[in-house]
Structure formats: C-alpha cells, structure tokens
Amino acid sequence: MLSTILNEVIIPAAADNPLDGVTPSIDVFGVQFKGAIQLILGGIWALALILVTAAFLWNLGKWGVARQRGHSDDISDGADGAKRSGIAFAAVAGASVIIGGILALTGAAGA
C-alpha cells in the first residue's frame with residue numbers, strides 16, 4: 001500500500017511565480033516622491049560617511065597618541081578601532097555596489 005501511495009505522489013519541480021515580470025519601482029508614487037526619497041537617502045548616506053570618517057580619524061589619533069606614549073594596551077585598542085572604522089567606511093562608501101550585487105545575485109537565482 002505504501003509503494004502505491006509513493007508512486008502516485010507528484011511533486012512539482014518548481015512553483016509558478018505569481019509575480020513573474022513584476023519589478024519594484026517607486027515611479028508609481030510620482031516624480032516629487034521619487035526626488036524626495038533620493039534626496040533623503042543621499043543625505044543619510046552622506047551623514048553616515050561623515051560619521052564613519054570622523055570615527056576613523058579619531059581612532060587613528062588615539063593609536064598615534066598611544067604609540068607616542070608607549071601604552072601597549074591603548075595601541076592595540078586604537079589599531080583595532082581604526083581597522084573596524086576603516087572597514088565600516090569601505091562598506092558605507094560601497095553600499096550601492098554591495099546592494100546592487102545582492103540584488104543581481106537574487107535576480108539571477110530567480111528569487
């Protein structure tokens with residue numbers, strides 16, 4: 001009986017995509033909305049770049065002062081902070097490339 005049930009079960013290879021051909025677009029809300037969104041996101045991105053740059057410079061300063069004074073614990077803290085803030089700056093500066101790559105990969109995968 002189990003073999004009969006197993007033979008009758010049909011599993012589809014892939015489900016049909018109900019949103020096939022639909023792409024996200026904010027153009028439907030109008031030109032003013034699109035312009036406002038671009039302006040707000042650009043401002044947030046610029047603020048993030050300024051903050052991360054300030055943190056990087058602050059950590060470099062802490063590292064330099066610690067090296068000059070010979071404080072080994074503060075040297076490692078400053079160096080670690082400078083590395084973290086440098087990586088954060090690279091991520092914030094390359095945000096559009098990173099997000100575009102993720103969207104391209106998910107689009108290629110059919111998600």
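Side chains included, hydrogens not; waters and symmetry mates left out as well; all remaining heavy atoms used.
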Open item on the list: So, applying side chain to side chain contact (heavy atoms under 4.5 Å, CB included) with Trp63, which one of Leu60, Asn59, Val65 is it?
Closed with: Leu60
- [ ] Would you kindly confirm whether Val92 and Phe89 end up in one hydrophobic cluster when ILVMFWY residues are joined by side chain heavy atoms under 4.5 Å apart?
- [x] yes
Task: Contact list for residues 46-66, test salt bridge (charged side-chain N to carboxylate O under 4.0 Å, His left out), sequence neighbours left out - done: none
Task: Pairwise distance CZ(Arg69) to CD1(Ile75) - rounded to 0.5 angstrom - done: 11.5 Å
Task: Residues clustered with Ile26, ILVMFWY side-chain links under 4.5 angstrom - done: Val28, Phe29, Phe33, Ile37, Leu41
TODO: Share the residues that join Ile50 in a hydrophobic cluster, the rule being Ile, Leu, Val, Met, Phe, Trp or Tyr side chains under 4.5 Å apart at the heavy-atom level.
DONE: none
Open item on the list: Run the side chain to side chain donor-acceptor pair (under 3.5 Å) test against Asp27 and tell me which residues pass, sequence neighbours left out.
Closed with: Ser25, Lys34
Task: Fellow cluster residues of Ile98, listed by chain then number, with links counted only when side-chain atoms sit under 4.5 Å apart - done: Ile102
Open item on the list: Side chains of Trp58 and Ser85, heavy atoms from C-beta outward: is any pair under 4.5 Å?
Closed with: no
Task: Whichever hydrophobic residues join Leu47 through chains of side-chain contacts under 4.5 Å - done: Leu51
